[in-house]
Protein chains: 2
Amino acid sequence: MNDTKPLPPISAAVALFTIREQLEFLRLEGERSRLPTASIDEGETLEACARRALREAAGIEDVFLEQLYTFDGDRDGPRVVVAYYALAPCDRLQIRRPGVGWADPAHASDLAREDRVIVQRACERLAGKLEYAPIAYQFLADRFTLGELQTVYEIIGRQELDKRNFRRRMRASSCLVETRDLRRNGSHRPARLYRLRDTQPAFAG
Amino acid sequence: MNDTKPLPPISAAVALFTIREQLEFLRLEGERSRLPTASIDEGETLEACARRALREAAGIEDVFLEQLYTFDGDRDGPRVVVAYYALAPCDRLQIRRPGVGWADPAHASDLAREDRVIVQRACERLAGKLEYAPIAYQFLADRFTLGELQTVYEIIGRQELDKRNFRRRMRASSCLVETRDLRRNGSHRPARLYRLRDTQPAFAG
DNA sequence: ACGGCTTCGTGTCATTCATACACTGACGCT
DNA sequence: AGCGTCAGTGTATGAATGACACGAAGCCGT
C-alpha cells in the first residue's frame, strides 16, 4: 500500500452501546481489548469512517451515531482519534463473530487507556443528554411500552424512578404517541405500545 | 521538501468570544473573513494548536478554551478541522493588529461557510452550557458584581432576567463568595464584589 | 372456576421551585 | 438640597416535582 508514510493521521473510534440487562458496549477482545476503529480513507467523511469501523469489525450497520470528542492520539496509535458513540436496540445486533462481544462499561479495565476514556465519557454524555434529547428511544424498537422506556431511563440515569411520576413526565413532554395495540408478554396484563412522535410533521396540505 | 503531499490533514479553528456591549467573536478580516486557524505541527496537541492559532493571528494567550466539534474539511481546505471555542473578558484582549477585529455572531454572513457554522454552533453551546457550567464567569474579571454577572447571563441566554430572582438563584447555587470590597463605578451606590468559589479539584485526568 | 402470581395502569397531597412585582439605599453631580 | 442612577432586598402566587397504594388484566395451576 504505502511505503514509509507515517501512521495514519486520522481515525475514528466507536463506542457502541446497547441495553440487554444492563448497559453494555461492544468490544473487540484480545490481549488488550479495543473499540472498533478505522483509519480514514481518502474522500471519506468522519462519520462514514466510524460506520465503516462498526461494519468491518462486527458487521453492524444503520445505528444512531453521534460525535463525542476528538482526542490527541496516544504515543504509538494514530495521531488524532475522533470518537463517536453509537446506540442501538440489542435485538437488532446479532453478532456471530469470534472476538467480538459485549462488556460492562463500569468494568472496562482491560481496554486500552484511551478507549476507556472514550467509554467513560460516552456514558457521561448519555446520562447528561437523557433529559433533553430523545436518546433513550434509540435503545428501543419502533414501538415500545412505557415500562421498557422507564427501564432505559433508569439504567442510563443510574437511579430508580417512580412509575407514576415517570409516566406523567413523559405525557407532559408530549413526545409519545399512544398506539391502539398492546403487547402480550407473559402471564400478566398486556402493556400498551407507544411510539416516538415524528418530530414536526409541519403542515400537511 | 515533500513532493506531492496533500494539503495539511488536520487543523484547529477557534471562535473566540468576548462580551463588550454584546457578544462578539474574533475575526480575521479579508475578502472572505475567517476564524483563526492553524495546521497541526508534529508533536503538537490539538489544544496547543488552537492556542497557537490565536496567538499567531491576534497575539492572544491564556484564554478559556474548549473543544466544540470536529468537521470534515470543505473541498479546498484542510481535511479535518477541529473547532474550539474560547472565552475571555474583553479587557484582557488588546488587539492592535490590522485585519483583526470583532463581529456580531448574528451577522457573520461574510465568513466562510464552515466558519459560520462553527460560530453558530458555539453560540448554541454557550447558551446550553450557561445553566450547568461556570462559563459566564469566563467573561468577567476575577472579581465582579452581580449586575455584571446578570448582564452576561442575559446576553448569552438572550433574555432579560429578573434581578431579584437572579440573585436568589446565584446564592442558592453557592458558586459565589462575597468579598469585603465594593466597586465604585459612577454616581450611584457602589456594588459588592464577588468571586467564583474555588471548585474542588476532585479528580484530574 | 377459582385463587395466586405478575406486570400494567392510575390520582392525590405536600413540598419545592419559578415567576411576577416595587420600593429604599448609597453615591455623585449640579 | 435635590435629582439621577444603579444596588440591593421580600412576598405572594402558580407550576413542577416527589412521595405514596391499590385495582385491573392476563396466565397458570389446581
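Every chain is numbered from 1, with letters handed out A, B, ... down the list of sequences.
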Nearest whole angstrom, please: distance from the [atom2] of [N] to the [atom1] of [X].
| X | N | atom1 | atom2 | result |
| --- | --- | --- | --- | --- |
| E154(B) | dC6(D) | CD | C1' | 14 Å |
| R167(B) | dC21(C) | CZ | P | 19 Å |
| Q159(A) | dT17(D) | CD | P | 13 Å |
| Y194(A) | dC8(C) | OH | P | 12 Å |
| L146(B) | dT9(D) | CG | C1' | 12 Å |
| N185(B) | dA26(C) | CG | C1' | 14 Å |
| E131(A) | dT17(D) | CD | C1' | 13 Å |
| D181(A) | dC8(C) | CG | P | 17 Å |

With sequence neighbours left out, the residues meeting side chain to side chain donor-acceptor pair (under 3.5 Å) with D110(A) are R27(A), S33(A)
Correct closest heavy-atom pair for R192(A) and T179(A) would be NE-O, 3.2 Å
| task | Looking at every strand, decide which applies to R171(B) at a 4.0 Å heavy-atom threshold: base, sugar-phosphate, or nothing. | result | sugar-phosphate
Quiz item: Is R169(B) touching bases, backbone alone, or none of the nucleic acid, heavy atoms closer than 4.0 Å?
Solution: nothing
**Request:** Say whether, by atom type as modelled, one donor and one acceptor occur between the side chain of D41(B) and the main chain of E44(B) under 3.5 angstrom.
**Result:** no
Reading nucleotides 20-29 of chain D from 5' to 3' and marking B where a protein heavy atom lies under 4.0 Å of the base, S where only the sugar-phosphate is that close, and - otherwise, the string is BB-BBBBS--
Could you tell me how the ring of F166(B) sits relative to the ring of Y153(B): parallel (under 30°), tilted (30 to 60°) or perpendicular (over 60°)? perpendicular
Taking NZ, NE, NH1 and NH2 as the nitrogens, is one of them in E42(B) or R79(A) under 4.0 Å from a carboxylate oxygen of the other? yes
Do F25(A) and I118(A) make a side-chain contact, defined as non-hydrogen atoms from C-beta onward lying under 4.5 Å apart? no
